[in-house]
There are 2 protein chains.
Amino acid sequence: MPLKIGDLAKATDTQVVTIRYYEKEGLLRQPERSDSGYRLYSETDVERLHFIRRCRQHGMSLGEIRALLAFRDSPTSSCDWINFLVEKHIAEVEQQIESLQLLKSHLETLRRSCGGDHAHGCGIIAQLDRDTPCPSCNGLHCRLAPGSSVPSR
Amino acid sequence: MPLKIGDLAKATDTQVVTIRYYEKEGLLRQPERSDSGYRLYSETDVERLHFIRRCRQHGMSLGEIRALLAFRDSPTSSCDWINFLVEKHIAEVEQQIESLQLLKSHLETLRRSCGGDHAHGCGIIAQLDRDTPCPSCNGLHCRLAPGSSVPSR
DNA sequence: CTTGACTCTATAGTGACTATAGATGCTAGG
DNA sequence: CCTAGCATCTATAGTCACTATAGAGTCAAG
């Protein structure tokens, strides 16, 4: 018995809307339909969607996954570029890690600007803006206080 | 003499369109205009845009920067939430680094699937799709070859 | 028979830009 | 003065990978 879109969603831990989106994007085939127009899927679709989700977890773009699926479907071509793809991703991920570590150290510098000795006032704004020292706080209430007047995203 | 938008762009290493975008988003004030309608900026705007770009480099969203600018402009409020913001960012960045390191180890496993001993064929597709072994390559041409038939993004 | 969960299509919104088209202005060389 | 080639203007649409919303139809349990 075929699966409905909700079943496929559960089986692959994917949202229903995302499945329809992948179909629109040509990653999933147009499925059979029931008399009432419901999409009907098979185990093959479960596999294919699992494949897609695994690739997404590896940070691949939908375009790359499309190409990988095409390769999987017609395996006559060389697989050299798969290796290239993986190498490229490793390099990108290393790059990202490096720049995040730099960012983290910047942020920690920022945090230190306001911590410890409060004699010279909160330096975070000053750090971000070399001309204006933080005019509030005056070394009195410059303390980590989670949940206090955080701006809404 | 006031700066034109291109001068401001050069001074802050920002694209012209991005400056107009920030204006539309309320991060930069509506600037004076020349007789012919050109935007005219001052050193204050250079500072402000530098501030914005520095915050962006710290991974802050435009919404957060808007709030930081409001704080900077009217320093009557408590600066507790700036500390909270920085703490939150550090935690987020740590989280990102962690998950990227996991991803990297996954990718390296993938790479190993096709490297070294080729006796058992390219395993990358097989790794991504536990049922289908990679039917091409047959352990013959499964080798890193950058620039070969890479799919276009 | 009703309720509530599920499904359908179509459209718009997200964030932080980027790209394009078509019009106008400014400046330097001839 | 004329022209070529920039810079600037506005307005709109596109990017990526979804996510959200509206309004309608379907299905199974109680």
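Lettering follows sequence order; numbering is per chain, from 1.
Of the residues in residues 19-30 of chain B, Arg20(B) come within less than 4.0 Å of DNA chain D through at least one heavy atom, sorted by number.
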Problem - Stepwise side-chain contact (heavy atoms from CB on, under 4.5 Å) check, Ile65(A) with Tyr22(A) - result: CA-CA 11 Å; Ile65(A) 297 172; Tyr22(A) 287 166; over 6 Å; no
Problem - Steps toward side-chain contact (heavy atoms from CB on, under 4.5 Å) verdict (Asp45(B), Leu3(B)) - result: CA-CA 9 Å; Asp45(B) 297 303; Leu3(B) 307 166; over 6 Å; no
Problem - Check against side-chain contact (heavy atoms from CB on, under 4.5 Å), Met60(B) and Leu68(B) - result: CA-CA 10 Å; Met60(B) 291 173 195; Leu68(B) 272 172; 3.5 Å; yes
Problem - side-chain contact (heavy atoms from CB on, under 4.5 Å) assessment of Phe51(B) paired with Leu69(B) - result: CA-CA 9 Å; Phe51(B) 182 91; Leu69(B) 286 166; 3.6 Å; yes
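Taking atom CG on Asp7(B) and atom P on dC6(D), their separation rounds to 17 Å, with Å as the unit. Atoms OH (Tyr38(A)) and P (dC6(C)) sit 11 Å apart, rounded to a whole Å. One atom, NZ of Lys4(A), and another, P of dG25(D), lie 18 Å apart when rounded to the nearest Å. The OH atom of Tyr41(A) sits 14 Å away from the C1' atom of dC6(C) (whole-angstrom rounding). Rounded to an integer number of Å, the gap from Gln15(B) CD to dA19(C) P is 7 Å. Rounded to whole angstrom, the span from the CG atom of Leu8(B) across to the P atom of dA7(D) amounts to 15 Å. With rounding to whole Å, Leu3(B) atom CG is found 15 Å from dT8(D) atom C1'. Distance CD1 (Ile5(A)) to P (dT26(D)): 17 Å, rounded to an integer number of Å.
Note on Ser36(B): every side-chain N or O is 4.0 Å or more away from OP1 and OP2 of dC9(D). Contact annotation: Thr18(A) side-chain N/O to dA17(D) OP1/OP2 distance is not under 4.0 Å. Phosphate proximity of dT8(D) to Arg39(B): absent, as no side-chain N or O sits under 4.0 Å from OP1 or OP2.
Looking at Arg48(B), its side chain does come within 3.5 Å of a backbone N or O of Leu27(B) through a donor-acceptor pair. Side-chain N or O atoms of Arg66(A) include one that pairs as donor or acceptor with a backbone N or O of Glu25(A) at under 3.5 Å.
Remark: of the listed residues Val16(A), Leu28(A), Ile5(A), Ile5(A) is the sole one forming a side chain to side chain contact (heavy atoms under 4.5 Å, CB included) with Arg39(A).
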